[in-house]
Q: 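First the structure, which I've put down as structure tokens, then a few questions once you've had a look.
Just so it is clear, the values below take in all heavy atoms, side chains as well, and ignore hydrogens, waters and symmetry mates.
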Amino acid sequence: MPRRPQAVELPPISGLDRTSGHLGRQLTRALREAIRTGGLKPGDLLPSTRRLAAALDVARGTVLEAYEQLIAEGFLDAQARAGTRVAAALAPSRFGASGSQQPAADATRASLPAPAAAFAKVAQQFKPLPLVPFAVSVPTGPAAPDETWRRLGNRIRARGPGAPSGYDDPQGVKALREAVADYVRRSRTVQCGAEQVIITAGTQQGLYLACQVLLGATDSAWVEDPAYRGITGILESMGRQDRMVRVPVDDAGIDVEAGVAMAKDARAAFVTPSHQYPLGMPMSMGRRNALLAWARKNDAWIVEDDYDSELRYAGHPFPSLQGLAPDRVVYLGTFSKILFPSLRLGYAIVPDALVPAFCGARVLMDRHTPSADQHVLAAFIGEGHLDRHIRRIRAVYADRRSVLVGMLDRWIPRHLGWLQPSDQGMHLVLWLARGIDDVLLASRAVEAGVAVRAVSPMYSQGNERPGLVLGLGGFSNAQMEAAVRVLAAIIGRCFDAAD
């Protein structure tokens with residue numbers, strides 16, 4: 001058990017009124033109130049009488065008077081050579097009668113601002129899943145970065161370029177921007193230089209920046225239907241619910257003709273062309289050309305979320321959309337999936353004309369991403385470790401995917417659940433029979449130790465389909481089979497209840 005810190009902080013005491021006298025009684029009331037309201041907690045060590053007197057500019061006898069009174073009342077304990085502490089025996093119920101700590105049950109609640117409900121809904125939907133099957137991107141065993149990451153971190157964070165320093169460039173560490181630009185040119189046919197790269201705290205922040213920079217107050221935006229909840233949640237929270245045009249997706253990706261019919265003059269389109277989220281299909285070349293033609297004709301922007309592009313298990317990954325129109329596309333990528341989510345490092349590659357705007361939006365958001373891990377990642381990429389890591393995890397996840405597909409076919413009857421065809425990515429979509437409440441099912445699964453997410457909230461209202469997102473994660477075959485059997489039983493019960 002960690003030791004309690006011995007360094008004593010001054011307690012939270014409001015100013016004393018020196019004109020009214022009785023400073024000892026005022027100090028007694030202030031300390032008592034600090035204990036009642038939780039500013040001072042049971043076991044907290046108080047300053048010595050000499051130090052507190054000097055800090056408050058009162059006589060030491062005034063502090064002694066307050067301490068002695070509170071010791072007599074049982075609020076404080078004093079022991080020789082151990083100092084004075086808030087009594088450990090104090091319990092919350094001690095203050096219940098006075099009502100000073102707990103509000104009355106019928107007290108009027110403060111009304112919440114209008115956006116609060118939308119943000120609370122997003123918080124609930126993005127609540128982290130437990131690290132059990134089938135959470136997405138759990139970097140354990142062979143799916144985790146090897147010892148190289150730790151060695152680089154120790155070397156670079158201690159006395160290297162990642163050592164503590166001052167404020168950094170809002171675009172990110174130059175070494176990492178250069179490494180990212182080289183990596184996406186080689187692997188994704190992205191056309192860019194390091195000066196176009198902006199390091200972000202993951203794709204989510206890149207989406208937020210794009211919305212802030214690209215969309216004016218009355219501009220509409222195309223969003224896929226279904227879509228990643230992160231982008232729809234951003235637009236909802238910005239008050240753009242009525243300006244968000246949900247364009248249907250089919251086997252070839254976003255239906256551009258439908259988008260033109262719905263909102264030809266939209267200012268931006270948010271798409272996942274390499275691996276549609278959540279369904280998994282790549283956007284066909286015909287649809288890519290049609291989307292780019294629409295953007296050029298209507299002076300619109302395309303935001304390309306290159307989701308899971310590195311993890312295609314058959315053939316080669318599709319080239320980026322950005323490589324076909326670097327002047328029209330904002331390209332977003334992340335290292336959360338291929339390395340580990342807690343890294344919180346991603347990147348936006350933007351046309352030259354938009355770089356100052358993205359930097360300004362970034363400054364107002366959080367100034368810049370913490371620098372130490374940027375230096376570590378730059379070395380990890382530059383020394384060739386990332387390429388080797390991706391080749392390894394591609395094999396790992398291909399094997400996990402094949403095993404999981406077999407387990408689902410074996411344990412879940414086809415009339416209850418069937419898989420969406422996909423040949424890449426770190427998750428599978430399991431469609432469910434009509435009538436099953438996938439949100440309720442996902443909640444019950446988590447309670448039973450199986451981590452899944454519901455698909456229906458990713459659709460626009462009225463177009464929902466029940467389904468589950470199952471991550472491949474870093475789980476053993478035995479863990480996955482046990483989870484599939486539990487999930488199959490829950491699906492069966494939910495189907496019977498809906499029938």
Q: Verify the distance criterion only: is there a donor paired with an acceptor across the side chains of Arg240 and Ser220 at less than 3.5 Å?
A: no
Q: If you apply the rule side-chain hydrogen bond (donor to acceptor under 3.5 Å, both in side chains), what do you find for Asp399 with Ser402, and how did you get there?
A: CA-CA 5 Å; Asp399 178 67; Ser402 176; 6.0 Å; no
Q: State whether a side-chain donor-acceptor pair under 3.5 Å links Arg243 with Thr218.
A: no
Q: What pairs of residues pass the salt bridge (Lys or Arg N to Asp or Glu O under 4.0 Å) test when at least one of them lies in residues 276-289, not counting sequence neighbours?
A: Asp250-Arg287
Q: Where do Thr272 and Asp305 land on the side-chain hydrogen bond (donor to acceptor under 3.5 Å, both in side chains) test, with the steps shown first?
A: CA-CA 5 Å; Thr272 50; Asp305 177 359; over 6 Å; no
Q: Please round to the nearest 0.5 Å and tell me the distance separating atom CZ of Arg394 and atom CE of Met426.
A: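 Answer rounded to 0.5 Å: 12.5 Å.
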Q: Under the side chain to side chain contact (heavy atoms under 4.5 Å, CB included) rule, collect the residues that match up with Ser320, sequence neighbours excluded.
A: Arg188, Thr189, Val190, Glu304, Gln322, Tyr331
Q: Taking the six-membered ring for Trp, are the ring centroids of His427 and Phe134 within less than 6.0 Å of each other?
A: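 Between Phe134 and His427, which both carry aromatic rings, the centre distance is not below 6.0 Å.
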Q: Can you tell which of Leu332, Ile199, Thr369, Thr203 makes a side chain to side chain contact (heavy atoms under 4.5 Å, CB included) with Tyr347?
A: Ile199
Q: Closest heavy-atom contact between Trp294 and Ala300?
A: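 Smallest interatomic distance, heavy atoms only, reads CH2-CB, 3.5 Å.
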Q: Are the charged groups of Arg367 and Asp169 less than 4.0 angstrom apart, N to O?
A: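 The answer is no: the pair does not qualify as a salt bridge.
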Q: Minimum heavy-atom separation for Cys359 to Pro170, with atom names?
A: O-CB, 4.2 Å
Q: For Asp387, is there an ion pair with Arg186 - N to carboxylate O distance below 4.0 angstrom?
A: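 The answer is yes: the pair qualifies as a salt bridge.
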Q: Tell me, yes or no, whether the heavy-atom count around Arg444 atom CZ, taken from other residues, nucleotides or ligands under 6.0 Å, exceeds 12.
A: no
Q: Does one side chain, of Gln276 or Tyr228, offer a donor that lies under 3.5 Å from an acceptor on the other?
A: no
Q: Determine whether Arg155 and Glu383 satisfy the following criterion, salt bridge (Lys or Arg N to Asp or Glu O under 4.0 Å), listing intermediate values before the conclusion.
A: CA-CA 14 Å; Arg155 185 185 82 207; Glu383 296 177 15; 3.5 Å; yes
Q: List in chain and number order the residues that pass salt bridge (charged side-chain N to carboxylate O under 4.0 Å, His left out) with Arg229, two or more places apart in sequence or in another chain; answer none if no residue qualifies.
A: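 Residues passing salt bridge (charged side-chain N to carboxylate O under 4.0 Å, His left out) with Arg229: Glu236.
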Q: Can you tell me how far apart CZ (Phe380) and NE2 (His385) are? Round to the nearest 0.5 Å.
A: 6.5 Å
Q: Determine whether the aromatic ring centres of Phe270 and Trp222 lie less than 6.0 Å apart.
A: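 No, the ring of Phe270 stays outside the 6.0 Å limit from the ring of Trp222, centre to centre.
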Q: Any salt bridge between Lys41 and Asp44, counting N to O under 4.0 Å?
A: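 Salt bridge: no.
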Q: Once rounded to the nearest 0.5 Å, what's the spacing between atom CG of Asp306 and atom CG of Leu321?
A: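 So the CG of Asp306 and the CG of Leu321 are separated by 9.5 Å.
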Q: Check Asp373 with Arg157, please: is the shortest side-chain N to carboxylate O separation under 4.0 Å?
A: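 Salt bridge flag = yes for Asp373 with Arg157.
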Q: Side chains of Asp438 and Ser456: donor-acceptor distance under 3.5 Å anywhere?
A: yes
